[in-house]
Amino acid sequence: MQHSDNANTVIVLDFETTGLSPTQGDRAIEIGAVLMENGEVVDRFQKLMNPGFRVSSFIESYTGITNNMLRTAAPCDEVMDQFTDFIGDYNLVAHNASFDKRFLDAELDTINRSYGGEFACSMLIARRLYQNAPNHKLGSLVAYKNIDHDGVFHRALADSEMTAKLWLQMLEDMQDQFHIPQPSFTLMQQVSKKTKAAVPTFLHKMATT
DNA sequence: TGCCAGGCCCTCTTTAGGGCCTT
């Protein structure tokens, strides 16, 4: 199961953080993730974590995560150690994955742990698949594709659940619209790296070979 | 914590600039 190329087994994750850049001192304050197998969420992970300093009022209002909530949370190192066990070597999906990968790598560097999976970015794939969407923010794509949600945004587990549903929707559209029987994780990664103009030709080739 | 990133992608491009995404 580890290093699987099966797009049907992935960890979809989302971080809430103190800001935009770990190189500027920002830390994770919440991690949420779902383990998906064959289109079903079979496991979940959600924990707040204490970054060791107060978060800004902007972050408090943006996420709804307050300094009071973080005061009693376990430190980042402890939570990220548990999370590393959760993700194992599964492949990983996130919306704007470069952001979440930077924080995952930074947090794991501090505890000398690593992971064996690769990232795929739902935003880059959606930009190519849904070129008529008004924009490619997670919330906009959820509305655009009429994906069910509970109205919670900018919390780690809620966003990872929505990203997981978007991922499944993209797999489905890959099958229905582009006639690719069983899109692999690697194929999804390949799509995210093609230019928009090259995607239709690439998918046509994948469908007919 | 400190006072703001980084990578993708388009275009009136490549001797560059700016919008989109993530918190």
Side-chain angles (χ1 to χ4, degrees), chain A residues 10-34 46-71 73 75-77 79-80 83 92-110 118-145 147 149 152-167 169-170 188-202:
Chain A
V10 293
I11 298 268
V12 186
L13 65 92
D14 182 67
F15 278 105
E16 303 306 316
T17 70
T18 64
L20 292 173
S21 178
T23 62
Q24 302 295 311
D26 288 316
R27 300 292 301 269
I29 58 173
E30 187 183 39
I31 179 65
V34 298
Q46 183 277 324
K47 276 199 162 62
L48 293 171
M49 54 193 122
N50 190 330
F53 53 87
R54 291 181 64 81
V55 303
S56 68
S57 56
F58 171 79
I59 293 298
E60 282 192 317
S61 62
Y62 185 81
T63 64
I65 300 168
T66 64
N67 282 292
N68 195 45
M69 291 162 69
L70 295 174
R71 193 171 52 82
C76 295
D77 292 4
V79 172
M80 291 309 300
F83 185 62
L92 307 166
V93 172
H95 200 68
N96 198 8
S98 67
F99 175 86
D100 294 279
K101 182 177 189 299
R102 278 198 295 278
F103 276 95
L104 181 63
D105 291 351
E107 292 294 346
L108 265 50
D109 272 352
T110 71
E118 294 186 16
F119 268 93
C121 177
S122 57
M123 184 192 73
L124 293 180
I125 297 167
R127 278 181 178 170
R128 289 159 175 77
L129 240 44
Y130 306 137
Q131 298 189 21
N132 293 326
N135 61 59
H136 300 86
K137 295 176 185 177
L138 179 59
S140 302
L141 289 165
V142 164
Y144 180 69
K145 297 303 293 183
I147 291 169
H149 62 88
V152 177
F153 293 92
H154 306 306
R155 285 299 300 268
L157 186 58
D159 281 6
S160 64
E161 302 255 14
M162 284 190 289
T163 302
K165 289 177 181 173
L166 174 63
W167 177 258
Q169 183 67 57
M170 293 194 297
M188 298 297 271
Q189 280 184 315
Q190 287 172 328
V191 167
S192 75
K193 290 170 186 170
K194 299 284 177 189
T195 65
K196 281 185 185 176
V199 165
T201 304
F202 173 74

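This is a predicted model, so every value here is computed, not measured. Residue numbers start from 1 in every chain, and the chains themselves are labelled A, B, ... in the order their sequence lines are given, proteins ahead of strands.
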Considering every strand and a 4.0 Å limit on heavy-atom distances, what is the contact class for A:Arg27: base, sugar-phosphate, or nothing? nothing
Nearest whole Å is fine: how far is B:dT1 C1' from A:Asn50 CG? 13 Å
Measuring to OP1 and OP2 of B:dT1, would you say a side-chain N or O of A:Ser56 lies under 4.0 angstrom away? no
Give each protein N/O atom lying under 3.5 Å from an N/O atom of nucleotides 17-23 of chain B, with the pair distance.
{"residue": "B:dC20", "atom": "O2", "partner": "A:Arg127", "partner atom": "NH2", "Å": "3.4"}
{"residue": "B:dC21", "atom": "OP1", "partner": "A:His136", "partner atom": "N", "Å": "2.6"}
{"residue": "B:dC21", "atom": "OP1", "partner": "A:His136", "partner atom": "ND1", "Å": "3.1"}
{"residue": "B:dC21", "atom": "O2", "partner": "A:Asn96", "partner atom": "ND2", "Å": "2.8"}
{"residue": "B:dT22", "atom": "OP1", "partner": "A:Leu138", "partner atom": "N", "Å": "2.9"}
{"residue": "B:dT22", "atom": "O4'", "partner": "A:Asn96", "partner atom": "ND2", "Å": "2.8"}
{"residue": "B:dT23", "atom": "OP2", "partner": "A:Tyr62", "partner atom": "OH", "Å": "3.2"}
{"residue": "B:dT23", "atom": "O3'", "partner": "A:Glu16", "partner atom": "OE1", "Å": "2.7"}
{"residue": "B:dT23", "atom": "O3'", "partner": "A:Thr17", "partner atom": "N", "Å": "3.1"}

Please list all pairs passing the salt bridge (charged side-chain N to carboxylate O under 4.0 Å, His left out) test where one or both residues lie in residues 95-105 of chain A, with sequence neighbours left out. A:Lys101-A:Asp105
Atom C1', compared across B:dT22 and B:dC4: separation rounded to whole Å: 14 Å
Show me the donor-acceptor pairs within less than 3.5 Å that the side chains of residues 190-201 of chain A make with the rest of the protein, sequence neighbours left out.
{"residue": "A:Ser192", "atom": "OG", "partner": "A:Gln189", "partner atom": "O", "Å": "2.6"}
{"residue": "A:Thr195", "atom": "OG1", "partner": "A:Ala198", "partner atom": "N", "Å": "3.2"}

Partners passing side-chain hydrogen bond (donor to acceptor under 3.5 Å, both in side chains) against A:Asn68 (at least two apart in sequence or in another chain): A:Arg71
How far, in whole Å, is B:dT14 from B:dG18 if one measures between their C1' atoms? 16 Å
Round to the nearest Å and state the distance from A:Asp105 atom CG to B:dG6 atom P. 14 Å
Whole-Å C1' distance, B:dT13 and B:dG17: 9 Å
Test log, rule side-chain hydrogen bond (donor to acceptor under 3.5 Å, both in side chains), inputs A:Asp26 and A:Thr18: CA-CA 5 Å; A:Asp26 288 316; A:Thr18 64; 2.9 Å; yes
With sequence neighbours excluded, residues passing side-chain hydrogen bond (donor to acceptor under 3.5 Å, both in side chains) with A:Asp109: none
Considering only the C1' atoms, how many Å lie between B:dG2 and B:dT23, rounded to the nearest integer? 15 Å
Relative to the ring of A:Phe83, is the ring of A:Phe15 parallel (under 30°), tilted (30 to 60°) or perpendicular (over 60°)? perpendicular
Spacing between A:Phe119 atom CZ and B:dC8 atom C1', to the nearest angstrom: 17 Å
Toward the 5' end of DNA chain B, which comes first, A:Ser192 or A:Phe53, by nearest nucleotide? A:Phe53
P atom, B:dC12 versus B:dC8: distance in rounded Å? 22 Å
Whole angstrom value for the distance that separates C1' of B:dG2 from CG of A:Asp26: 9 Å
For B:dA5 and B:dT1, measure between their C1' atoms and round to the nearest Å. 14 Å
Which residues pass the ring-ring contact (aromatic ring centres under 6.0 Å, His included) test with A:Tyr62, sequence neighbours left out? A:Phe58, A:His154
